[in-house]
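Just so you know, these numbers use all the heavy atoms, side chains as well, and skip hydrogens, waters and symmetry mates. FYI, the numbering just counts along the sequence from 1.
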Amino acid sequence: MAKEINPAALLCVGLSGPAIDDDIRSLLDRGVGGVILFSRNVQTPAQVAGLCHDLKQYAGRPLLVMTDQEGGSTARLREGFTPLPSMRALGETGDVGLAKQVGAVIGRELRAVGIDVALAPVLDVDTNPENPVIGPRSLSADAAVVAAMGCALIEGIQSQGVAACAKHFPGHGDTSQDSHDMLPRLPHTMGRLEQVELPPFRAAVEHGVAMFLSAHIVFEAIDADRPATLSPAVLQGVLRESLGFGGVAISDCLEMKAIADPQNRGGDAPPREYVPAAVLAGIQAGLDLALVSHAAELGHAAIDRLEAAQSDGTLASTRVAEAHGRVAVLAERYAAPPLATPDLSVLNAPASIKVTAALIDDAGKAWRDPTQAFERDL
């Protein structure tokens, strides 16, 4: 009888500080497939490199380490790394060659410190000036510009042996609500989605992007009852069948209130079982990795829920095997071994600064002010 696959491998988790601790050790012991780094985990380049080394060495297996390194206001790695422009500043140039160079800078610097996945680029088309969470994180309000520049970024990132991730699928650009705080809904027809939201993601598939990250948004024309992250119609019907994507689909953080508190009840804490239930529902719907990036107890509860569902047949063994297979392929290609002596000389190098310097003049405030809107450590 074949050995049952450990469903913990379908979980990506965070840690609380700049060094490994007992909480992350316990999650690694259970077999999680990935770790995400936030600003709270970052001090210096040497410290980040040491943290990635320690995580991978302790895991003793291929482990995907990832971070949001988009540029502008959403960049976790700052001091000692090449300053990156906002994506809007880059998109306004219309220069796909420059975008590829910026992507290569991102990939090269992540690879130098042992990070395997850039949770970038944002492929949302910024059609709503009142959008509270995307704004300058988007390359453009023009879908064709987002597609062309986004694909150039993907090529640049992946040319350095780092996986790129197209987000936030199927598109977060026209929301007037922030999914960190509540569950947005979009009433657009499929015709509108095919014209505006989906073309950059379709182009990303054609350019071989390694990962997709789902949005916590209800797209009424596709599934009026469930957010994209939990929707088979979105993850299987649109992503796999319509777009033909065969790589890893990861969720946005399932501790965000769009999932953990969809009614936005404010001071009333949502039931703790919401997140583990969402992890299971997301994997059932077609996710390959579920992101639980803050509370270790929720990571453990999610693993418990997946194990129980696997045992009682609620979570099909074929679905676990499919997701596990995709994650294993991604890890085989991109998860670097522990780097005992990282070469940090490529960080903030003159050639890299030359690539981004002209754009930083326009996007300088977004770089210098990490408390600016859009910088959410979640």
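The structure places CE of Met87 at 5.0 Å from CG of Leu90, a figure rounded to the nearest 0.5 Å. One finds the OG atom of Ser26 at 8.0 Å from the CG atom of Leu28 (value rounded to the nearest 0.5 Å). Asp288 CG to Leu330 CG: the interatomic distance, rounded to the nearest 0.5 Å, is 9.5 Å.
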Working note: Glu109 + Thr82, criterion side chain to side chain donor-acceptor pair (under 3.5 Å); need CA distance, chi angles, decisive distance, verdict. CA-CA 8 Å; Glu109 297 200 346; Thr82 301; 2.4 Å; yes
Please report the C-alpha distance between Asp223 and Ser231 in whole Å, then the side-chain angles of each, then the deciding distance to 0.1 Å, and finally whether the side chain to side chain donor-acceptor pair (under 3.5 Å) criterion is met. CA-CA 7 Å; Asp223 187 336; Ser231 171; 2.8 Å; yes
Please report the C-alpha distance between His168 and Ser214 in whole Å, then the side-chain angles of each, then the deciding distance to 0.1 Å, and finally whether the side chain to side chain donor-acceptor pair (under 3.5 Å) criterion is met. CA-CA 5 Å; His168 306 80; Ser214 65; over 6 Å; no
Arg40 vs His294, test: side chain to side chain donor-acceptor pair (under 3.5 Å). Steps then yes/no. CA-CA 11 Å; Arg40 64 179 185 264; His294 283 66; 3.1 Å; yes
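When side chains are defined from C-beta on, Leu213 does not count as touching Phe169, because their heavy atoms never get closer than 4.5 Å. Counting only heavy atoms from C-beta outward, the side chains of Phe212 and Lys167 never approach each other to under 4.5 Å.
With respect to the salt-bridge test (charged N to carboxylate O, under 4.0 angstrom), the residues Lys100 and Asp95 do not qualify. The pair Asp116-Lys56 meets the salt-bridge criterion, since a charged nitrogen lies less than 4.0 angstrom from a carboxylate oxygen. Arg30 and Glu307 are joined by a salt bridge, as a carboxylate oxygen and a charged side-chain nitrogen come within less than 4.0 angstrom of each other.
Note: the hydrophobic cluster containing Val32 also contains Ile5 (ILVMFWY, side chain heavy atoms under 4.5 Å, direct or indirect links).
Of the listed residues (Thr229, Val248, Ile250, Val279), just one forms a side chain to side chain contact (heavy atoms under 4.5 Å, CB included) with Leu287, and that residue is Thr229.
Looking only at atom types and distance, the side chain of Asp142 has no donor-acceptor partner in the side chain of Ser140 under 3.5 Å away.
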